[in-house]
Amino acid sequence: MAEEMQSNFIREIIDLDLSQGKNDGRVHTRFPPEPNGYLHIGHAKSICLNFGLANDYEVAKCNLRFDDTNPVKEEDEYVNSIIEDVKWLGFNTDNIFYASDYFEKMYIFAVQLIQQGKAYVDDQTPEEIRESRGSLKSPGIESPFRNRTIEENIQLFEDMRNGKFQNGEKVLRAKIDMASPNLNFRDPIMYRILHASHQRTGETWCIYPMYDWAHGLEDSIEGITHSICTLEFQDHRPLYDWFLDQLDVHHPQQIEFARLNLNYTIMSKRKLKQLVDEDHVSGWNDPRMPTLSGFRRKGYSPDSIRELCDRVGVAKRDGIIDIALLENCVREDLNKRSQRVMAVLDPLKVVITNYPKNQVEELDADNNPENEDDGKRTIPFSGELWIEKSDFMEDAPKKFFRLSEGKEVRLKHAYYITCNDVIKNDDGEVVELHCTYDPKTKGGWSDDGRRVKGTLHWVSIPHAVDAEIRQYEHLFNVENPNKTKDGESFTDNLNPDSLQIVSGCKLEPSLKNAELGNYFQFLRNGYYCIDTDSATDTLIFNRTATLRDTWGKKNK
RNA sequence: UGGGGGAUCGUUCAAUGGUAGGACAUCGGUUUUUGGUGCCGAGUAUUGGGGUUCGACUCCCCAUCCCCCAGCCA
């Protein structure tokens, strides 16, 4: 299980720092989500990286820090879900911090910067600020308010804090260089006025710090040594460094890596929220969502997600991971841990004509051939059974190993049966099969060397339990949903068949006791789990993943 | 071409001047009371062009392509 950890460029940096005695031999990372949505599998990569470092290095620690600097987008619900998801992934959530706890310290630091003559209050409108920022090719223009006195700036900033101005009326900006080729240096805004209630600080503040100003301070205050973030912040690193240098405080090292992208889905929180708000999905935890809560509900194990993060590695090249890799991770994990059970999704009735009337046998079945410790259970067998409709074919090709007239197959854990008669309704549809069983093949064996290639799953009709089964496919039907034609939105790439609800499924009776969090393999069908909508009188299962199907693939 | 990054099998990660390797995907074989699992095997890559070197994915030069940045979002 504990295979050797694959190194990456970030670990190499840390190893080097450690060998040089940097940071007093400390390693301290952080995972800093903004509580403006649910965590998705892209965040899992960052969580596994940051918390993984803390787990692997004796001296390392990792904080879970909420970057709650924008009250208009953030909610308590998101905070709670994030904690739950990090915990579910298997990481320590003892060290929880909130950026909002540092607002007062940040304010004092801002005053310090003003006193150094390196920040000023700007009265320009948002439009004026945007226009005077210049463009990629042309420098910006300095604000007419750029050279206010230190005293005036301190007074104005205090007035901002005290609510004397409306939203957008004033901002505090760092005084750096309006001609810098790095746009982030063109007098970046440090504070904006937001008369909004913050989920933790309430009405205490009406000015809120911007990311560039706040984030480095948050890291610094917590004594973070390695501040790991995604590629798009590379341009911000010089500013991160600049602020910390002016203040002469503990200065963590920002390191950027490529975020995780998966094909056939999207990773933008904004767009995921849109899917929720526009009811394209049932919620943030819809099993089709790439959120951690979605995967959890769909039946993914936390181990499988962590395994994906290990396998994708950490680098600076941005790319798109094939979702088949994730699917391989769940299958591999679930193959080892899931209980094998029998469930017929699309039932066809079979009558065993030579089976004693009203007889019922309890047959032995192992719970998991991959793990003998999972033991055995018994399954009731009777003369009337459900089998899968697709396991019968009238004019079957040679390579069809399942049932057809005159052919013999094995019923898993039970007997060999041979199909003698096909009963059809007036429309010519097959509605029932009459078969005979061989009593000498109990358990599914015969000692006469007979070769029976096909093995079918089945459920005894009088003992069957009804259930609804939800079959999922990719949320989008194109690899990159963000690539849209003119005038189209990413929602136009939604897969209309991403959810298929199958009702009237027939399950073996042991499934009556299935519980939330159990992992099942419905034999020959796939991996399934109980859905949160399930109730004792109406069982509902989600398909976590299909089994690999070389036969189905070949016949496409 | 303002600045910042990045280019290695189809995808992704490695190889840090010394046989380009793994995983997934694909295709084949084998085993099997799941057409699952397992096992075995195959094909496919250093963006291009120069240079340095006994030897270059790696160092140098010149091209090319891709991504990010002009929120009072993070």
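Note: hydrogens, waters and symmetry copies are ignored here, and every other heavy atom, side chains too, is used. These numbers were taken from a predicted model, which means no experiment stands behind them. Proteins get letters first, then strands, A, B, ... in listed order; numbering begins at 1 in each.
Across all strands, A/Glu332 comes closer than 4.0 Å to no nucleic acid atom at all (heavy-atom distances). Across all strands, A/Leu456 comes closer than 4.0 Å to no nucleic acid atom at all (heavy-atom distances). Residue contacts for A/His215: at a heavy-atom cut-off of 4.0 Å it reaches no nucleic acid atom on any strand shown. A/Glu479 comes within contact range of no nucleotide atom at all, as no heavy-atom separation falls under 4.0 Å. Within 4.0 Å of A/Lys399, counting heavy atoms only, lies at least one base atom of the nucleic acid. In this structure, A/Ile321 reaches the sugar-phosphate backbone alone: every heavy-atom distance under 4.0 Å involves primed, P, OP1 or OP2 atoms, never a base. Among the atoms of the strands shown, only primed sugar atoms or phosphate atoms (P, OP1, OP2) are found under 4.0 Å from some heavy atom of A/Leu325. Residue contacts for A/Phe66: at a heavy-atom cut-off of 4.0 Å it reaches no nucleic acid atom on any strand shown. Heavy atoms of A/Val171 sit under 4.0 angstrom from at least one base atom. In this structure, A/Arg130 reaches the sugar-phosphate backbone alone: every heavy-atom distance under 4.0 Å involves primed, P, OP1 or OP2 atoms, never a base.
Residues A/Glu222 and A/Arg30 are not paired through a salt bridge, judged by the lack of any N-O separation under 4.0 Å between the basic side chain and the carboxylate.
Applying the 3.5 Å distance criterion, the base of B/U37 shares no donor-acceptor pair with the side chain of A/Arg548. Judged by atom type and distance alone, A/Glu256 does not reach the base of B/G6 through any side-chain donor-acceptor pair under 3.5 Å. Side-chain to base pairing of A/Arg402 with B/G35: one donor and one acceptor N or O lie within less than 3.5 Å of each other.
Phosphate proximity of B/U32 to A/Arg451: absent, as no side-chain N or O sits under 4.0 Å from OP1 or OP2. Dashed line: the shortest gap from a side-chain N or O of A/Thr69 to OP1 or OP2 of B/C73 is not under 4.0 Å. Note on A/Arg186: every side-chain N or O is 4.0 Å or more away from OP1 and OP2 of B/G3.
Partners of A/Asp159 by salt bridge (Lys or Arg N to Asp or Glu O under 4.0 Å), not counting sequence neighbours, listed by chain and number: A/Lys164. Legend: residues meeting salt bridge (Lys or Arg N to Asp or Glu O under 4.0 Å) with A/Glu77, ordered by chain and number and at least two apart, are absent. With sequence neighbours excluded, the residues satisfying ring-ring contact (aromatic ring centres under 6.0 Å, His included) with A/Phe381 are A/Tyr355, A/Tyr415, A/Trp458. Checked against side-chain hydrogen bond (donor to acceptor under 3.5 Å, both in side chains), A/Asp68 has the following partners two or more places apart in sequence or in another chain: A/Ser100. Partners of A/Thr544 by side-chain hydrogen bond (donor to acceptor under 3.5 Å, both in side chains), not counting sequence neighbours: none found. Applying the side-chain hydrogen bond (donor to acceptor under 3.5 Å, both in side chains) criterion to A/Asn36, with sequence neighbours excluded, gives A/Glu34, A/Lys269. By the ring-ring contact (aromatic ring centres under 6.0 Å, His included) test, A/His457 is found to be paired with no residue, residues two or more places apart in sequence or in another chain being considered. Listed by chain and residue number, A/Arg173 satisfy the salt bridge (Lys or Arg N to Asp or Glu O under 4.0 Å) test with A/Asp122 (two or more places apart in sequence, or in another chain).
Paired runs in RNA chain B that reach 3 or more consecutive Watson-Crick or G-U pairs, where each pair keeps both distances under 3.5 Å, cover B:2-7 with B:64-69, B:10-13 with B:21-24, B:26-30 with B:38-42, B:47-51 with B:59-63.
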Under 3.5 Å between N/O atoms: give me all the protein pairs with nucleotides 64-69 of chain B, atom names plus distance.
from	atom 1	to	atom 2	distance (Å)
B/C67	O2'	A/Asp318	OD2	3.0

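Here, B/U58 and B/A20 have their C1' atoms 11 Å apart, quoted to the whole Å.
The side-chain tip of A/Arg200 points at the ring of A/Tyr98 from less than 6.0 angstrom away and within 45° of straight on.
Annotation: salt bridge (charged side-chain N to carboxylate O under 4.0 Å, His left out) contacts involving residues 255-265 of chain A, sequence neighbours excluded, comprise A/Glu232-A/Arg259, A/Arg237-A/Glu256, A/Glu256-A/Lys316.
The backbone N or O of A/Val330 sits nowhere less than 3.5 Å from a side-chain atom of A/Ser304 that would complete a donor-acceptor pair. Put simply, the side chain of A/Ser338 gets close to the backbone of A/Leu334: a donor and an acceptor are under 3.5 Å apart.
Ring stacking is absent between A/Tyr211 and B/A74, as the pair misses the limits of under 5.5 Å between centres and under 30 degrees between planes.
Rounded to whole Å, the distance from CZ on A/Arg311 to P on B/A23 is 10 Å.
Contacts with RNA chain B (heavy atom under 4.0 Å) in residues 29-39 of chain A: A/Glu34, listed by number.
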